Amino acid sequence: MLEGLVQHDFPLNLQHVLGRMRGVFGDSEVVTLNGDGTTRAKYSEVCQRVDRLANALDSLGVKEGDRVATFGWNSQRHLEAYLAIPCMGAVLHTLNIRLFPDQLIYIANHAEDRIVFVDDVLVPVLEKMAGEFETVEHFVVMGDGDCGSLPNVIRYEELIADQPSTFDWPELQDNQAAGLAYTSGTTGNPKGVLYSHRSQLLHAFGTCLADAMGLQAFDRVLPVVPMFHVNAWGIPYAAGLIGSDLVMPMQFLQAEPLAKLIEEERVTIAAGVPTVWLDLLNYADEHKPDLSSIRTVIGGGSAVPLALMQAFQERHGITITQAWGMTEMSPLGTVARPPAGLEEDEHWRYRDSAGRIMPLVEARLITGDGEEAPWDGTSTGELEVRGPWIASGYYEDPTGRDKFHDGWLRTGDIASIDSQGFVKITDRAKDVIKSGGEWISSVELEGELMAHPDVAEAAVIAKPDERWQERPLACVVCREGASLSAEDLIEHLRPRVAKWWLPDEISFIDEVPKTSVGKFDKKVLRKRLEAGELESEPVSQPA
Ligand code: ADP
């Protein structure tokens with residue numbers, strides 16, 4: 001082999017992000033919302049504090065490979081932990097504050113966390129379980145609030161106060177572990193995804209591409225998606241790499257404070273799950289805040305309803321760009337930037353997809369027979385992916401091995417892919433409704449139901465059926481003040497979906513149950529159905 005004469009050994013690690021924040025983007029800023037206003041710091045100041053934090057962790061005995069956890073909202077201090085911990089060779093473990101106590105105890109013990117950084121406002125949540133964290137030696141409280149009954153507490157500011165503002169950063173290997181996040185999973189124990197420096201840096205690089213999130217140095221980016229949820233979709237590292245300002249919302253994730261933050265901080269890119277944007281839309285319709293600074297909103301984590309995207313575009317001139325991914329993918333896999341020059345309908349068809357496969361990510365569709373399905377836009381199969389920021393296994397957990405085979409990750413999503421690499425997620429493998437040997441997409445039915453102006457939310461689950469095996473049951477939440485009958489909804493659906501997809505029953509419910517991370521929790525609905533607690537109206541359907 002004739003080897004290329006380039007610097008193959010150039011390190012691909014997060015110290016590069018820190019270096020750019022310090023050396024190139026010292027004037028970029030991070031703004032953190034607090035109860036009374038905002039706290040601001042330039043990246044140059046953040047980097048000095050990162051050095052002091054690394055010195056402090058070193059003095060607490062943190063060694064390379066040690067897991068150091070955070071239990072916090074999006075803030076400047078959390079950003080400092082994001083940088084200091086991996087750049088000193090330790091592993092940043094972001095605990096998801098929304099998980100159930102049993103899951104968190106399992107996770108902290110499984111990861112063998114040595115230190116936990118916690119926001120003062122979250123002390124009441126953490127203290128209930130802290131006694132059962134077997135390996136944690138110190139709790140570092142971020143903020144001046146009460147430390148409650150937490151043992152071995154150190155205050156963040158006291159911890160770093162007298163530390164030198166330079167640190168002797170170690171040489172790191174690209175493959176060295178940098179971050180750890182657990183997926184809550186639907187069965188069994190949560191599973192750890194262990195990111196490396198290389199995977200995080202390449203993912204940040206990919207995130208910045210114009211056809212991905214498209215961060216630029218002039219942007220002011222608001223990650224509404226929490227830093228305890230797949231690294232806030234990689235935004236903190238991407239922003240550091242490219243020099244965007246960061247606007248951190250802490251726990252103020254309701255529509256009103258978010259709208260004010262966007263208005264006052266002139267946010268240009270915001271990212272979060274669809275429920276956040278749904279609330280913001282309602283708020284914006286009523287209060288007309290000035291959202292004109294926004295270039296794009298990134299929506300993902302679950303399907304972004306087409307009606308929501310269209311409403312934002314038409315009524316507020318805001319483009320919501322849909323993205324798809326998962327914890328095992330760092331998380332970004334696809335982003336829906338439609339081709340130029342399309343007719344309106346075609347344009348929206350692309351916007352309504354999960355998006356085009358990102359560079360450095362490869363995908364394939366595997367059918368029930370184990371065959372590869374063609375990229376024709378209609379054939380479906382389980383979506384499998386591989387690439388440099390895709391997990392190759394779970395951390396110290398052999399039970400999840402079946403998710404990985406031949407170098408591919410089984411995503412558990414059913415999808416089609418068109419000839420241009422645009423992916424359409426039709427369902428979760430476990431949510432698809434198998435009716436008479438054919439598949440009905442619960443996601444598509446939900447999208448069509450939610451396009452009805454009087455429907456606030458809709459979740460479709462499979463109801464066991466003697467003749468067809470399964471039939472769709474639609475659980476619908478009406479908008480306040482609206483009243484709908486099962487027949488109204490079927491009439492609405494009739495021109496939009498195949499006849500055999502029409503639900504036989506509609507259950508009107510007050511709210512769709514959500515998981516700890518805000519996704520529709522169909523497990524709960526299935527359980528209610530099984531227990532006979534889901535009342536429904538049958539629909540009379542003329543043949
Ligand atoms: P995250 O933590 O990023 O939400 P999870 O690992 O919890 O990731 O969940 C990933 C799953 O969320 C995907 O496999 C998919 O089912 C769903 N998902 C994410 N984004 C989308 C999207 N844009 N459209 C449909 N489903 C999505």
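Remember, it's 1-based here, ligands and their atoms both numbered in the order they're listed. This is a predicted model, so every value here is computed, not measured.
For ligand 1, the atoms lying closer than 4.0 Å to a non-hydrogen atom of Gln322 are 22 (C), 23 (N), 24 (N). Here is the list of ligand 1 atoms found below 4.0 Å of a heavy atom in Ala303: 22 (C), 24 (N), 25 (C), 26 (N). Taking every heavy atom of Gly325 and a limit of under 4.0 angstrom, the matching atoms of ligand 1 come to 10 (C), 11 (C), 13 (C), 19 (C), 20 (N). Residue Val230 has at least one heavy-atom neighbour below 4.0 Å for each of these atoms of ligand 1: 1 (P), 2 (O), 3 (O). Residue Arg428 has at least one heavy-atom neighbour below 4.0 Å for each of these atoms of ligand 1: 13 (C), 14 (O), 15 (C), 16 (O).
For atom 16 (O) of ligand 1, the nearest protein heavy atom (residue, atom name, distance) is Asp413 OD1, 2.6 Å. In this structure, the protein non-hydrogen atom closest to atom 21 (C) of ligand 1 is Trp324 CD1, 3.5 Å. Closest to atom 7 (O) of ligand 1 among all protein heavy atoms lies Lys519 NZ, 3.4 Å. In this structure, the protein non-hydrogen atom closest to atom 2 (O) of ligand 1 is His229 NE2, 2.6 Å.
Proximity of Ser302 to ligand 1 is established by a heavy-atom distance of less than 4.0 Å. Using a 4.0 angstrom heavy-atom cutoff, Gly412 does not count as in contact with ligand 1.
Using a 4.0 Å cut-off between charged nitrogen and carboxylate oxygen, Glu457 and Lys514 count as a salt-bridge pair.
Between Val460 and Leu473 there is no side-chain heavy-atom pair separated by less than 4.5 Å. In this structure, the side chains of Pro331 and Trp233 come closer than 4.5 Å at one or more pairs of heavy atoms. The side-chain heavy atoms of Ser244 and Arg220, taken from C-beta on, include no pair separated by under 4.5 Å.
When ring centroids are compared, His93 and Tyr182 come within the 6.0 Å threshold. The six-membered or imidazole ring of Phe71 lies away from that of Phe117, with a centre-to-centre distance of 6.0 Å or more. Between Tyr82 and Tyr237, the distance separating the two ring centers is shorter than 6.0 angstrom. Taking the six-membered ring for Trp and the full ring otherwise, Phe252 and Trp73 have centroids separated by 6.0 Å or more.
With His78 as the partner, the side-chain hydrogen bond (donor to acceptor under 3.5 Å, both in side chains) test is satisfied by one option alone out of Thr70, Asp119, Thr32: Thr70.
Ligand 1 has no nitrogen or oxygen under 3.5 angstrom from a nitrogen or oxygen of Thr183. Considering both main-chain and side-chain atoms, Ala323 comes within under 3.5 Å of ligand 1 through a nitrogen or oxygen pair. Close N/O approach between Gly301 and ligand 1 is found [any backbone or side-chain N/O within under 3.5 Å].
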